[in-house]
Amino acid sequence: METSKENKLLGMDKANLKKEVRGLSWAFLIAMIIRTFIYQPFNIPSGSMIPTLLIGDYLFVNKFCYGYSRHSLPFGVKLFSGRLMHNEPLRGDVVVFFNPKHDNLDYIKRLVGLPGDRIQAIKGVLHINGSAVKLEQIEDYHTVNDKGQLEVIPQYIETLPNGVKHPILKKFPFGQGRLDNTEEFTVPEGHYFMMGDNRDNSQDSRVPNAVGYVPAENIIGRAEVLFFSTEAKWYAPLDWPFGLRYNRLAQLIR
């Protein structure tokens, strides 16, 4: 009698376990489909996009807006080349892409140059097709550096030719930054030119041997919305609530 009850309970446990495994499998499959084809979470590990994006920001990347490449797939499986359902990115978009010089590194920058554009930095000012973009100085940006010291950095609103406005930081005087004067770059067909909003602290398309032109195939998607932001280190999740930046939650990325 006891053995019969035990077998019955064991059978129920096995049935419940199968249901749980099946449910977890479906949840995992749905999560992978969303991550692969719709939205992918991404976190900001560096300061190259300050003030638009801060270290410790967590955001969702729209993966369907530009179509799909092999980099949209898990582990970049080479099932096809080029892009499927391709839509042209817009100048001013904040884009996540795989660095063409280091295929296993994903970067996030602002797209400033389209195919055929001539791009050049002259005395720290971005020039597109021979014309300087408009810059308007606004209030200084205040931050605390790695040494715990307050830094005050000049901040500007940059207006791109299509009317997109966004803030940039310019730590060094115009003309004195490491990448303030560049050659004129002509963006090849099927490629884009990316720059960080933190102009004196960004390794981007201005550095040909480190990033250079970004092929369309390397684009992952457009950064769209912040869903979490903390000043705490990523490897100390218990500290996250204490460093939470409430004013950055659920913010659209411009």
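Worth knowing before you read on, the calculation uses all heavy atoms, side chains too, and leaves out hydrogens, waters and symmetry mates.
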Shortest non-hydrogen contact between Arg110 and Arg254, atoms and distance
NH2-O, 3.0 Å
Check this for me: Glu189, atom CD, are more than 12 non-hydrogen atoms of other residues, nucleotides or ligands nearer than 6.0 Å?
no
Is Lys165 salt-bridged to Glu136, cutoff N-O under 4.0 Å?
no
Qualifying residue for salt bridge (Lys or Arg N to Asp or Glu O under 4.0 Å) with Glu158, from Arg91, Arg199, Lys134
Arg199
Shared ILVMFWY cluster between Val211 and Leu105, side chains joined below 4.5 angstrom?
yes
Of all heavy-atom pairs between Lys109 and Met49, which one has the smallest distance, and what is that distance?
CA-SD, 3.8 Å
Which atoms form the tightest heavy-atom contact between Pro45 and Asn43, and what is the distance?
CD-O, 3.2 Å
Between Lys233 and Asp239, does any NZ, NE, NH1 or NH2 come within less than 4.0 Å of an OD or OE carboxylate oxygen?
no
Does any part of the side chain of Asp140, heavy atoms only, come nearer than 4.5 Å to the side chain of Ile153, both counted from C-beta?
no
Between Ile168 and His166, does the side-chain contact (heavy atoms from CB on, under 4.5 Å) criterion hold? Intermediate values first, please.
CA-CA 7 Å; Ile168 66 167; His166 64 95; 3.5 Å; yes
Could you check whether any side-chain heavy atom of Asp197 comes within less than 4.5 Å of a side-chain heavy atom of Leu169, counting everything from C-beta outward?
no
Determine, for Lys170 against Asp200, whether the closest basic-nitrogen to carboxylate-oxygen distance falls under 4.0 angstrom.
yes
Between Tyr246 and Leu54, is there shared hydrophobic-cluster membership here, with clusters defined by ILVMFWY side-chain heavy atoms closer than 4.5 Å?
no
Flag yes if Met195 and Val214 sit in one hydrophobic cluster, no otherwise; membership is Ile, Leu, Val, Met, Phe, Trp, Tyr, and two members link when side-chain heavy atoms are under 4.5 Å apart.
no
Mind checking whether Ile119 and Ile128 have side chains closer than 4.5 Å, heavy atoms only?
yes
Would you verify whether the NZ or CZ of Lys63 falls within 45 degrees of the ring axis of Tyr66 while also being under 6.0 Å from that six-membered ring's centre?
no
Less than 4.5 Å apart, side chain to side chain, heavy atoms only: is that true for Glu88 and Pro115?
yes
Charged N to carboxylate O below 4.0 Å: is that the case for Lys123 and Asp180?
no
Assess, by modelled atom type and distance only, whether the side chains of Asn62 and Glu224 contain a donor and an acceptor separated by less than 3.5 Å.
yes
Pairwise side-chain contact, Leu135 with Ile157, heavy-atom cut-off 4.5 Å (strictly under)
no
For the residue pair Phe185 and Phe193, does the interplanar ring angle fall in the parallel (under 30°), tilted (30 to 60°) or perpendicular (over 60°) class?
tilted
Does any non-hydrogen side-chain atom of Thr186 lie less than 4.5 Å from one of Asp117?
no
How long is the straight-line distance from CD of Glu183 back to CZ of Arg118, given to the nearest 0.5 Å?
13.5 Å
Does either side chain, that of Asn198 or that of Ser48, offer a donor lying less than 3.5 Å from an acceptor on the other one?
no
So which atom in Phe97 and which in Ile219 form the shortest heavy-atom distance, rounded to 0.1 Å?
CB-CA, 4.0 Å
Does the pair Asp106 and Ile220 meet the rule for a side-chain contact (heavy atoms from CB on, under 4.5 Å), with working shown?
CA-CA 9 Å; Asp106 44 20; Ile220 300 171; 4.1 Å; yes
Do Arg222 and Val95 come within less than 4.5 Å of each other through their side chains, counting heavy atoms only?
no
In short, Lys101 meets Asn209 closest at the heavy-atom pair CG-O, 4.0 Å
Step by step, work out the side-chain contact (heavy atoms from CB on, under 4.5 Å) result for Tyr141 and Tyr156.
CA-CA 9 Å; Tyr141 183 81; Tyr156 301 82; over 6 Å; no
Same cluster or not: are Leu249 and Leu252 linked, directly or through other Ile, Leu, Val, Met, Phe, Trp or Tyr residues, by side-chain heavy atoms under 4.5 angstrom apart?
yes
Any Lys/Arg nitrogen of Asp57 or Arg245 sitting under 4.0 Å from an Asp/Glu carboxylate oxygen of the other?
yes
I'd like to know if the side chain of His127 reaches the main chain of Val125, judged simply by a donor and an acceptor atom lying under 3.5 Å from each other, with no hydrogens or angles considered.
yes
Identify which one of Phe42, Phe60, Tyr39 satisfies the ring pair (Phe, Tyr, Trp, His ring centres under 6.0 Å) criterion when paired with Phe227.
Phe60
Is the closest side-chain heavy-atom distance between Phe228 and Leu244 below 4.5 Å?
yes
If two hydrophobic side chains count as joined below 4.5 Å and joins carry through other members, does Tyr58 share a cluster with Val225?
yes
Considering all heavy atoms of both residues, which atom of Val187 and which atom of Tyr213 are nearest to each other, and what is their separation?
CA-CE2, 3.9 Å
